Colleague: 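Below you'll find the structure I mean.
What you see is a predicted model, and the numbers here were worked out from it, not measured in a lab. If you read the sequence from its start, that first residue is 1, and numbering goes on from there.
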Amino acid sequence: TTAAPTPAPCEPLLLLENGWVSYGQSWKKPTYSKSTGGVVVVEGLIKGGNYGVLATLPAGFRPNKRLIFYTSTQSGKPARIDVSTNGKIEWQAGVGVTVGSKASGWVSLTGITFSTISGSPLPLDGNWKSYGGSWGQATFSKSADGVVVVEGLIRYGAWGMLATLPEGFRPTKVLLFNTIVSSGADNSARVDVHPNGSIKWVKGNKSGWVSLSGISFSTASGTMLPLATTDWMSYGGSYGTATYRKTGDLVVVEGLLKKAAPTTTWSMTHLKKHCLQSYHTSHGTFDEAKAKCLELGSACQGVYDEGCNGTGAWRTCTNSVLSPSTSSCVYTATTTVAAYGHFATLPAGYRPEKNLIFNLDNAGRPSRIDVSTSGTIKWISGSASGSYISLSGIAFSTVSACASAPPTTAPPVPAPGTPKWMITSVSEEVQMGTFPYLYGGGPANTQPTAAACEQQCLQDPACKYGTYVTQGSEASEEIGR
């Protein structure tokens, strides 16, 4: 006989609440995962529910204090999403909406990243203090695979220097993050993390508290990100080169891009035309006339060559009225400015299995950036007025979502006389690999005890073959699947 192949691992689906459902189509289902180093990543797009509690994370995938994140919504405005120690993922504030009202669009959960490790107290500067209460103390931690996670809420300090990370917990270049300040839903701010460990508020709103949750980065150097256009380039200097890196199933993109300088081309657009004598200034060379015209901006309608032979006087036109001429011609400028859109493309093996939506910093304002299954990193909406865009904050899993969610209700009480489960030892040395895992394996079908595993199997018709014990010799020590 031939053993059935072991199914590929998959990420368990979030337990959604209040009418929220997966958006579907090309977008990732709402999932959660945890790296071997304890970094939890929540992803996916949801729609159709009532604002309030969106979903619940299971035990083992919850933060050790209440955290505040800033995510994208269909309205084009970001929203404040809190994740609590009881696993509740809850909408707290959004532009033009109230808690309890029916959603008219989608909400992205992608960008919620935190550590289940307790972490160390973050050394704060400038009289900043941890918020306390359910928000606990601001902390930092580093997973075994080198991912640093900063999280927590701080308040009432001097705007500028916020904190300092110790050596060993610092990025290789300056990274820019978009975070939320005070209780408003549209109160974004730019916070930078430097190679010397300093965490600084740079620009944006400043009122009350600052959330540091959502700041995560790798301490290792990554691979240079393949850019998709000459309109954008890595910022360079202390901001270094935009990079990507993969540790296990977690991909981390970091870095700052800047617009290429505008390019201007001149072409003759009017033959045997000139601008009126009283509305032009003469220059000795074409270059001088062009420079003056660009300096004048919209006040200049072009440059004309008096003899249309490249040797005559060059003049700038400051009036749109062009008159007939027997010898002159007019040149006008076309300026091309870098466009927002497709920035870069991740290579195969570093791409999400479904499309994801992130909320990132654009010159101190939030922008929606999508990462697709084809690897494209693309600006979609939000601020487009800045000369730079940050890719820091992009972190996602390459693992697929499971086909269905684990059951969430208690198993029915068996009727009198119903046969009870009985553990029968099949093998004490090897796992029998002849049956597929429930939910594709992973944490969704791993229970703390054999009894809990039996209950899970009883309540789900998809469980057809029973359970097995993977460690422990006593019933109180068993881990069931």
Side-chain angles (χ1 to χ4, degrees), residues 39 41 70 110-111 113 142 145-150 165 169-179 188-200 202-204 212 214-247 250-261 338-347 349-352 356-372 375-380 382-384 386-396 398:
V39 177
V41 175
Y70 212 25
T110 303
T113 303
K142 184 167 71 172
D145 44 17
V147 175
V148 171
V149 177
V150 181
L165 289 165
F169 296 83
R170 299 171 177 177
T172 59
K173 53 183 174 280
V174 180
L175 302 178
L176 280 62
F177 295 89
N178 187 253
T179 187
S188 64
R190 168 186 156 186
V191 172
D192 292 7
V193 184
H194 292 250
N196 65 0
S198 62
I199 301 176
K200 296 181 179 180
V202 176
K203 64 186 303 184
L212 302 178
I215 295 178
S216 64
F217 56 86
S218 174
T219 54
S221 299
T223 303
M224 184 170 65
L225 184 67
L227 300 183
T229 173
T230 56
D231 281 356
W232 293 84
M233 63 189 74
S234 289
Y235 204 94
S238 61
Y239 301 97
T241 301
T243 57
Y244 65 96
R245 183 171 180 262
K246 186 177 181 181
T247 57
L250 182 66
V251 173
V252 177
V253 181
E254 300 172 341
L256 190 67
L257 302 181
K258 65 178 178 179
K259 283 183 179 179
Y340 280 84
H342 182 188
F343 297 125
T345 303
L346 289 164
Y350 295 82
R351 301 170 178 175
L356 301 172
I357 298 176
F358 291 88
N359 179 59
L360 302 180
D361 184 84
N362 184 344
R365 297 295 299 162
S367 279
R368 169 187 164 183
I369 305 295
D370 289 11
V371 182
S372 74
T376 61
I377 301 176
K378 189 175 182 179
W379 177 92
I380 300 297
S383 175
S387 60
Y388 60 84
I389 185 81
S390 175
L391 302 181
S392 300
I394 295 178
F396 61 87
T398 56

Colleague: Can you tell me how far the CG atom of N362 sits from the OG atom of S387, to the nearest 0.5 Å?
Modeller: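 It comes to 8.5 Å.
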Colleague: Under a 3.5 Å distance rule, please check whether W232 uses its side chain to pair with a backbone N or O of A339 as donor and acceptor.
Modeller: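 Yes; judged by distance alone, with no hydrogens or angles, the pair exists.
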Colleague: Sub-3.5 Å donor-acceptor pair from the side chain of R190 to the main-chain atoms of G204, do we have one?
Modeller: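 Side chain of R190 to backbone of G204: no pair is present.
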Colleague: Provide the closest heavy-atom pair for L356 versus P352 in the form atom of the first, atom of the second, distance.
Modeller: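 Where L356 meets P352 most closely, the heavy atoms are CD1-CB, 3.7 Å.
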Colleague: Can you label the angle between the F217 ring and the F177 ring as parallel, tilted or perpendicular, going by 30° and 60°?
Modeller: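 Ring orientation, 0 to 90° scale: tilted.
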Colleague: Please test D361 against Y388 for side-chain contact (heavy atoms from CB on, under 4.5 Å), starting from the C-alpha separation and ending with a verdict.
Modeller: CA-CA 9 Å; D361 184 84; Y388 60 84; 3.9 Å; yes
Colleague: Could you please spell out the steps behind the side-chain contact (heavy atoms from CB on, under 4.5 Å) verdict for V191 and I199?
Modeller: CA-CA 7 Å; V191 172; I199 301 176; 3.6 Å; yes
Colleague: Is there a side-chain contact between L257 and S234, using heavy atoms and a 4.5 Å cut-off?
Modeller: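 With C-beta onward as the side chain, the pair touches.
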Colleague: Where do D192 and L176 come nearest, in terms of heavy atoms and distance?
Modeller: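 The pair with the smallest heavy-atom distance is OD1-CG, 3.2 Å.
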Colleague: Parallel, tilted or perpendicular: which describes the rings of Y340 and W379, with under 30° parallel and over 60° perpendicular?
Modeller: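 Ring orientation of Y340 relative to W379: tilted.
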Colleague: Working to the nearest 0.5 Å, report the span between CG of N178 and CD1 of I215.
Modeller: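 Rounded to the nearest 0.5 Å, the CG-CD1 separation comes out at 10.5 Å.
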Colleague: Apply side-chain contact (heavy atoms from CB on, under 4.5 Å) to residues T247 and V252 and explain how you reach the verdict.
Modeller: CA-CA 8 Å; T247 57; V252 177; 5.5 Å; no
Colleague: May I ask you to decide if L175's main-chain N or O and E254's side chain share a donor-acceptor pair within less than 3.5 Å?
Modeller: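 A pair under 3.5 Å: no.
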Colleague: Does G349 offer a backbone N or O that forms a donor-acceptor pair with the side chain of K246 under 3.5 Å?
Modeller: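 Between the backbone of G349 and the side chain of K246 there is a qualifying donor-acceptor contact (under 3.5 Å).
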Colleague: Would you say that F358 contacts V371 through its side chain, given a criterion of any heavy-atom pair below 4.5 Å between the two side chains?
Modeller: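 Of all side-chain heavy-atom pairs linking V371 with F358, at least one is under 4.5 Å.
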Colleague: Just by distance, do the side chain of S188 and the backbone of R365 share a donor-acceptor pair under 3.5 Å?
Modeller: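 Not a single qualifying donor-acceptor pair exists.
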Colleague: What's the spacing between N359 CG and S367 OG if we round to 0.5 Å?
Modeller: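 Between N359 CG and S367 OG, I get 8.0 Å after rounding to 0.5 Å.
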Colleague: Check the pair I380 / I357 against side-chain contact (heavy atoms from CB on, under 4.5 Å), numbers first and verdict last.
Modeller: CA-CA 9 Å; I380 300 297; I357 298 176; over 6 Å; no
Colleague: Which heavy-atom pair separates S221 from T172 by the least distance, and what is that distance?
Modeller: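 Smallest heavy-atom distance, with atoms named: OG-CG2, 3.9 Å.
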Colleague: Crowded around K258 NZ? As in, over 12 foreign heavy atoms under 6.0 Å?
Modeller: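 Result for NZ/K258: enclosed.
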Colleague: What closest approach, in Å, do L225 and A344 show between heavy atoms, and which atom pair accounts for it?
Modeller: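 Closest pair (atom of L225, atom of A344, distance): CD2-CB, 3.5 Å.
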Colleague: I need the minimum non-hydrogen distance between F343 and I389, along with the two atoms involved.
Modeller: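 Smallest interatomic distance, heavy atoms only, reads CZ-CG2, 3.9 Å.
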Colleague: Which heavy atom in G255 sits nearest to a heavy atom in K173, and how many Å separate them?
Modeller: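 Shortest heavy-atom contact: CA-CE, 3.9 Å.
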Colleague: So how far is it from D370 CG to K378 NZ, rounded to the nearest 0.5 Å?
Modeller: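 With rounding to 0.5 Å, CG (D370) is 8.5 Å from NZ (K378).
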Colleague: In Å and rounded to the nearest 0.5 Å, what is the CG to OG distance from L256 to S392?
Modeller: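 These two atoms lie 7.5 Å from each other.
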Colleague: From I394 CD1 over to T113 OG1, what is the distance, rounded to the nearest 0.5 angstrom?
Modeller: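 Rounded to the nearest 0.5 Å, the CD1-OG1 separation comes to 11.5 Å.
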